[in-house]
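Inspection log for the structure reproduced underneath, given as structure tokens.
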Amino acid sequence: MASDLPEAVAGYERSAGGDLRWVWSSGAENYPALLRAGVRIARCHDIALAERLLLGRDGRGGEPASLEAAHARLRGAPPPPERAQAAPGEGPGRPREQQGALFEPAGTGITDPRAVLEAVIAVHADQLRRIAADEHPARFGALVAAESAGALAAAEMTFAGMPWRADVHDGLLSEMLGPRPPAALAGTRPARLTELAAQISAALGGRPVNPDSPTQLVKALAAAGVRVSSTRFWVLHEVDHPAIPPLLEYKELSRLHAAHGWAWLDAWVRDGRFRPEYVVGGVVSGRWASRGGGALQIPRVLRRAVVADPGWVLVVADAAQLEPRVLAALAGDRAFAEAAAGGDLYEGLASVFGGDRNKAKKALLSAMYGGAGGEAGQLLAVLRRRFPVASGYVETAARAGEEGRVVRSVLGRACPPPSAAWRAVTEESGDEEAERDPGAGRASRARGRFTRNFVVQASAADWALVLLAALRRRLAALPGPGSARDAGVGPTRAGRWDPLAPHLVFFQHDEVLVHCPEAMAQAVVTAVAESAAEAGRAVFGVTPVRFPMTTAVVGCYADAK
DNA sequence: GGTCGGGGCGCG
DNA sequence: AAAGCGCGCCCCGACC
């Protein structure tokens, strides 16, 4: 393709003043190269993500969703195999390199530019038809647009990177684990873990026990007169034995060392930035997943290492009690929405549970997750009596799941249909006298819990995705902090990635981080609030439910809340 | 030598 | 107290 393609793209963006939607095979494949060339685009239709949503809706989520596959299906030809996810020779825990020429789908398939263009046009037209044929075309169209915008935001966050102070991270590790083992001893336990392992072995009779091995631990504990069903934290926590305190400390520290220790730092932090690769729509509910780096599981203790650049700040914003609010809006439960009108939803509901905020929280979580053990049953009964509409909503979703049906999020993302194995287990025997498989009830209830949670989690993901898209758009429209940048506001900025403008650097289900010049922090806070309100309207229409975000302007992520 | 499922635990 | 939902990734140990 033309070497000046990024220039041409930027030119179109500029002349269209942002009122332009690129249609392309995949943002994840195409956008990183544009960003590296300094080009930012405003909007796109992402064929691969749209195809994934459409296939999921039609109960065909297992089929490949690439442009080539969609085009082949359109022509009645057999779809090509899914592209390999990882290039050969790529080790785990290493950042990936983006490959492939711009706009040229990688791997096997279409290589002739005219054929690519023809395929894009044909598949796009077909997708628009299939969207229009949806039960709720406007909502499903909004979902496709938000998912596409999400792909842009994801690529931009990877490109910008999360500010990460390797020296602070190293200091935290040394403080907790002892000094970093020299390179020659890489892979061995640091001092503190070695000490703890020795203490554990000594307390268990003196023979060496590998605390990383649940099997060895259970045996050694049994020999010491302690019988445990597992070596999970909360099981061991109840045990009174001298080996337990060092063991619990070992487990906590060894996890940090293994998952986010020095090896992680070497592999994932470069030039003061952590650049995880997000997988948009990687979770069935529409939440994002990440590939490598454990980006969505960063231990809270390491937030200390996330520090804004000099003169810059982090705006940390997270949606307060998003999922119960989503349930209130989904179900249209007026009583619930009114009880939750205040800032803290659980506090607002506490009066229903004898003034106990924790009980309110437990009742809501049980309703959304399907828990019913212990106290939860009683609390659920209270919830059902006081908020029958909201309770009925999740009960209906659970019943659908138990019966093998599918459910959808508010914008229309579909949950996967049950597997063939599930159908086989739960199928009623034709013979009335025959014993029903004892696993049938268990499998049925498990799917009920899944669909019960899906309607809430997936609708919350819809809202968060729309929020992210709105915030990305609003951030790009903010005037700059100084006169130099003011001169660049408007059309001349369109189509350009501006490293001095506020940008999203992290997104974790219901939380966003924006890195911005200090002088722009208040404007960003306002943009966050406006985006949240916009998302509420766009996803749920007219509703009394509010979706407040708690925002903090900080120099360090750890100082937010 | 490699793969794969389970146990365990980090995040929401 | 955690569980009940969704993930990714570590280590171990069984297996090829």
Side-chain angles (χ1 to χ4, degrees), chain A residues 91-94 187 189 193 209-219 228-238 247-248 250-261 263-264 267-268 276-279 281-303 318-324 326-327 358 361-377 379-380 394 397-398 401 407 409 413 415-416 442 445-461 463-464 506-512 557:
Chain A
R94 300 285 156 188
R189 286 188 183 124
L193 290 181
V209 177
N210 180 0
D212 291 323
S213 165
T215 315
Q216 288 185 34
L217 276 178
V218 168
K219 277 188 194 154
V228 288
S229 55
S230 77
T231 61
R232 288 187 177 87
F233 179 86
W234 71 89
V235 171
L236 298 178
H237 197 256
E238 301 308 308
L247 179 52
L248 293 181
Y250 179 91
K251 285 167 85 72
E252 189 182 343
L253 292 178
S254 79
R255 158 120 199 140
L256 178 68
H257 177 241
H260 289 94
W264 182 92
W268 290 100
E277 190 179 336
Y278 295 96
V279 185
V283 180
V284 284
S285 65
R287 282 182 172 186
W288 292 8
S290 67
R291 203 154 33 213
L296 303 181
Q297 299 103 239
I298 297 165
R300 298 177 78 95
V301 64
L302 291 187
R303 292 182 181 183
D318 78 276
Q321 302 112 20
L322 178 59
E323 294 196 347
V326 162
L327 173 57
N358 272 334
K361 184 172 180 177
K362 187 177 292 192
L364 258 301
L365 292 180
S366 298
M368 294 185 299
Y369 290 161
E375 188 187 15
L379 298 176
L380 274 177
V394 282
V407 294
S409 73
R413 191 187 303 269
C415 84
R442 200 162 46 238
R445 285 190 298 275
R447 184 166 167 86
R449 286 193 300 275
F450 168 63
T451 50
R452 167 196 293 270
N453 182 251
F454 183 93
V455 292
V456 177
Q457 188 184 116
S459 299
W463 180 89
F506 192 54
F507 174 56
Q508 188 176 31
H509 312 314
D510 61 358
E511 180 177 18
V512 294
Y557 189 12

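Per chain, numbering begins at 1; letters A, B, ... match sequence-line order.
Among the heavy atoms of the strands lying under 4.0 Å from A:Arg255 is at least one base atom, whether or not backbone atoms are also near. Looking at heavy-atom distances under 4.0 Å, A:Phe454 makes no contact with the nucleic acid at all. Base contact: A:Gln457 has a heavy atom under 4.0 Å from a base atom. Nucleic acid contact for A:Lys362: base, since at least one base atom lies under 4.0 Å from a heavy atom of the residue. Using a 4.0 Å heavy-atom distance criterion, A:Arg287 is classed as a base contact. As judged by a 4.0 angstrom heavy-atom cut-off over every strand, A:Leu322 is placed among residues making no nucleic acid contact. A:Ser230 comes within 4.0 angstrom of the backbone, heavy atoms only, and of no base. Counting any heavy atom pair closer than 4.0 Å across all strands shown, A:Arg303 reaches sugar-phosphate atoms only and no base atom.
Applying the Watson-Crick and G-U wobble criteria (two distances, each under 3.5 Å), C:dG4 pairs with nothing in any strand.
As a whole-Å value, the separation of A:Glu238 CD from C:dA1 P is 8 Å.
No more than 12 heavy atoms of other residues, nucleotides or ligands sit less than 6.0 Å from atom CD of A:Glu252.
Close to C:dG13, at under 4.0 Å from its OP1 or OP2, lies a side-chain N or O of A:Ser213.
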